[in-house]
J.: 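The structure's right below; bear with me while I get my questions together.
The structure presented is a predicted model; accordingly, all values stated were derived computationally and were not measured.
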Amino acid sequence: MRPAHVCLAVLVAAVWGVNFVVIEVGLDHFPPLLFSALRFLVAALPAVFFVGRPKVAWKWVVAVGLVLGVVKFGLLFIGMDAGMPAGLSSLVLQIQAVFTALFAFVALGERPGRVRVTGMVIALAGIAVAAVDEGETGPLTAFALLIGAAACWGVSNVLTRKASPPDALNFMVWVSTVPVLPLLGLSLLWEGPSRDLAALRSLDWSGAGIIVYVAWITTVFGFGAWGYLLRRHPASTVAPFSLLVPVFGMSGAALVLGESVSALRWCAAALLVGGVALTSFSKGTTVTSAKGGGVSRSGTRGVTGSHAPGRGVEPAALPARTTASRTPSTASRPSPPR
């Protein structure tokens with residue numbers, strides 16, 4: 001890779017890592033489901049008028065939009081609102097690589113090799129260590145919601161693999177149009193119209209800046225730049241930069257939000273990132289049925305190699321939040337938006 005492309009890849013990883021800090025601050029301004037809906041609304045408009053028509057079938061746009069946009073990001077935002085620290089969230093979501101490999105085996109017949117299975121085991125050990133650490137400092141329910149979000153991300157990765165969009169930015173912008181109305185409806189039912197209206201009425205420049213960051217910087221710029229790199233370099237060259245996301249997420253949370261990182265959390269990070277690296281970048285084996293009833297095998301690249309962490313991927317624990325709701329506030333913490 002050219003030095004400029006290396007810098008761009010690192011910048012995208014930093015943008016996605018810091019996104020978890022921005023989400024943390026944004027949850028002081030908006031209820032989680034409304035926040036997620038606004039993120040996709042601003043990501044889709046006005047970009048949808050400039051990227052052209054979808055380049056894949058509508059069924060894939062709708063399927064990924066519901067799984068990734070509604071369920072994955074809904075669980076992520078609710079989990080963080082319920083007390084999951086930003087830095088740990090950016091780390092735990094990386095287990096999506098393991099879920100992706102498992103779902104690809106079930107849906108696509110891609111049998112993982114020994115190295116990939118070893119990576120899965122190591123990554124799961126990292127999650128177990130992170131769960132022990134979180135159990136000592138915060139609510140395990142919020143931790144479970146993040147695991148659920150990672151699983152949904154794995155499903156969306158497989159759906160994206162099936163869709164095979166030729167233009168990542170075009171696909172992501174159209175996918176962003178799908179979750180807006182479902183998330184708004186869920187917000188009205190779950191969080192209540194009065195709470196949503198209060199959050200919108202109290203919208204200030206800080207809140208607007210947060211929405212712009214998670215929508216345009218993280219989604220439009222992040223996925224556009226990532227797609228640009230993938231069109232010019234092999235996925236195996238670009239994808240390793242995604243492992244920098246929890247590095248930026250955890251360091252950003254420590255610097256901006258004052259999250260301390262325990263020894264157990266560092267151990268979990270080492271296990272999880274190492275396991276994800278083995279899971280994502282080792283060669284797998286694709287098993288397909290032959291007409292004669294035999295089995296053909298061929299090496300394939302990891303499914304997770306080209307799919308970025310969200311956005312939204314997008315990470316001593318924060319003082320644990322045990323309440324699942326917040327009161328919208330016009331004042332942000334003494335830290336920049338995440």
J.: Please determine whether residues Val106 and Val158 belong to a single hydrophobic cluster, defined as Ile, Leu, Val, Met, Phe, Trp and Tyr linked transitively by side-chain heavy-atom distances below 4.5 Å.
T.: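 No, because Val106 and Val158 fall into different hydrophobic clusters, even though each may have its own neighbours under 4.5 Å.
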J.: With distance as the sole test, does Trp60 use its side chain to make a donor-acceptor pair with the main-chain N or O of Pro165 at under 3.5 Å?
T.: no
J.: If two hydrophobic side chains count as joined below 4.5 Å and joins carry through other members, does Ile217 share a cluster with Leu45?
T.: yes
J.: Heavy-atom count check: over 12 atoms from other residues, nucleotides or ligands less than 6.0 Å from Lys55 NZ?
T.: yes
J.: Apply side chain to side chain contact (heavy atoms under 4.5 Å, CB included) to Leu200 and Leu38, showing your working.
T.: CA-CA 10 Å; Leu200 293 174; Leu38 292 174; 4.1 Å; yes
J.: Tell me whether Phe103 at atom CZ has more than 12 heavy atoms from other residues, nucleotides or ligands lying less than 6.0 Å away.
T.: yes
J.: Decide whether Leu197 and Leu27 are clustered together by the hydrophobic rule: side chain heavy atoms of Ile, Leu, Val, Met, Phe, Trp, Tyr closer than 4.5 Å, transitively.
T.: no
J.: So which atom in Ala123 and which in Leu272 form the shortest heavy-atom distance, rounded to 0.1 Å?
T.: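 Minimum heavy-atom contact is O-CD1, 3.5 Å.
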J.: How long is the gap from CH2 on Trp58 to CZ on Arg53, to the nearest 0.5 Å?
T.: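 Nearest 0.5 Å value for the CH2-CZ distance: 7.0 Å.
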J.: How far does CG of Leu66 sit from OG of Ser156, to the nearest 0.5 angstrom?
T.: 11.5 Å
J.: Apply the test side chain to side chain contact (heavy atoms under 4.5 Å, CB included) to residues Ser176 and Thr219: give CA-CA distance (whole Å), side-chain angles for both, the deciding distance (0.1 Å), then the verdict.
T.: CA-CA 9 Å; Ser176 296; Thr219 304; 4.1 Å; yes
J.: Please tell me whether Phe50 and Val61 are part of a single hydrophobic cluster in this structure, the criterion being side-chain heavy atoms less than 4.5 Å apart.
T.: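 Phe50 clusters together with Val61.
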J.: Between Phe35 and His29, is the ring centroid distance below 6.0 Å?
T.: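 That pair fails the under 6.0 Å test.
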J.: Side chain to side chain contact (heavy atoms under 4.5 Å, CB included), that's the test. Do Ile95 and Val276 meet it? Break it down for me.
T.: CA-CA 7 Å; Ile95 199 66; Val276 166; 5.6 Å; no
J.: Let me confirm one number: the CG-NZ distance from Leu146 to Lys72, rounded to the nearest 0.5 Å.
T.: 9.0 Å
J.: Looking only at atom types and distance, does a side-chain atom of Gln94 sit under 3.5 Å from a main-chain N or O of Leu243, one as donor and one as acceptor?
T.: no
J.: Please report the interatomic distance CE(Met1) to CZ(Arg232), rounded to the nearest 0.5 Å.
T.: 11.0 Å
J.: Side chain of Asn157, backbone of Thr100: donor and acceptor closer than 3.5 Å?
T.: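 Side chain of Asn157 to backbone of Thr100: no pair is present.
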J.: Under 6.0 Å between ring centres: does that hold for Trp16 and Phe223?
T.: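 Between Phe223 and Trp16, which both carry aromatic rings, the centre distance is below 6.0 Å.
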J.: Examine distances only and state if a side-chain atom of Thr218 and a backbone atom of Tyr213 form a donor-acceptor pair shorter than 3.5 Å.
T.: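 Yes, the answer is positive, given that a donor and an acceptor are paired below the 3.5 Å cut-off.
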J.: Please report the interatomic distance CH2(Trp226) to CG(Leu169), rounded to the nearest 0.5 Å.
T.: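 If we round to the nearest 0.5 Å, Trp226:CH2 and Leu169:CG are 15.0 Å apart.
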J.: Does some side-chain heavy atom of Leu186 sit less than 4.5 Å from a side-chain heavy atom of Val70?
T.: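 The answer is yes, as the side chains (C-beta and beyond) meet within the 4.5 Å cut-off.
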J.: Could you pull out the closest heavy-atom pair between Gly222 and Val12, with the gap in Å?
T.: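 Scanning both residues completely, I find the closest heavy atoms to be O-CG1, 3.8 Å.
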J.: Give a yes or no on whether the backbone of Val42 and the side-chain of Trp216 come within a donor-acceptor separation of less than 3.5 Å.
T.: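 It does hold such a pair.
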J.: Testing the basics here: between Ala150 and Leu93, what is the closest heavy-atom pair and its distance to 0.1 Å?
T.: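 Reported closest heavy-atom pair: N-CD2, 3.8 Å.
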J.: From Leu41 CG over to Ser36 OG, what is the distance, rounded to the nearest 0.5 angstrom?
T.: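 That separation rounds to 11.5 Å.
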J.: Take Glu259 and Leu88, measure what side chain to side chain contact (heavy atoms under 4.5 Å, CB included) needs, and give me the verdict at the end.
T.: CA-CA 9 Å; Glu259 291 185 12; Leu88 186 58; 5.7 Å; no
J.: If you define the side chain from C-beta out and look only at heavy atoms, does anything of Met84 sit under 4.5 Å from Val92?
T.: yes
J.: Should Leu145 and Leu189 be counted in the same cluster of Ile, Leu, Val, Met, Phe, Trp and Tyr side chains packed under 4.5 Å apart?
T.: no
J.: Please tell me if the side chains of Phe248 and Val10 come closer than 4.5 Å, counting only heavy atoms from C-beta onward.
T.: yes
J.: So, Ser251 side chain and Val247 main chain: donor-acceptor pair closer than 3.5 Å or not?
T.: yes
J.: Just wondering, do Phe171 and Val64 contact through their side chains at under 4.5 Å, heavy atoms?
T.: yes
J.: For the residue pair Val273 and Pro246, what are the closest heavy atoms and their distance?
T.: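 Heavy-atom minimum between the residues: CG2-CG, 4.2 Å.
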J.: Under 6.0 Å between the ring centres of Phe30 and Phe77?
T.: no
J.: Search all heavy atoms of Ala199 against all heavy atoms of Leu34 and return the closest pair with its distance.
T.: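 Answer, listing the atom of Ala199 first, then Leu34: CB-CD2, 4.1 Å.
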J.: Gly119 and Leu278: which non-hydrogen atoms are nearest, and at how many Å?
T.: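 That would be CA-CB, 3.6 Å.
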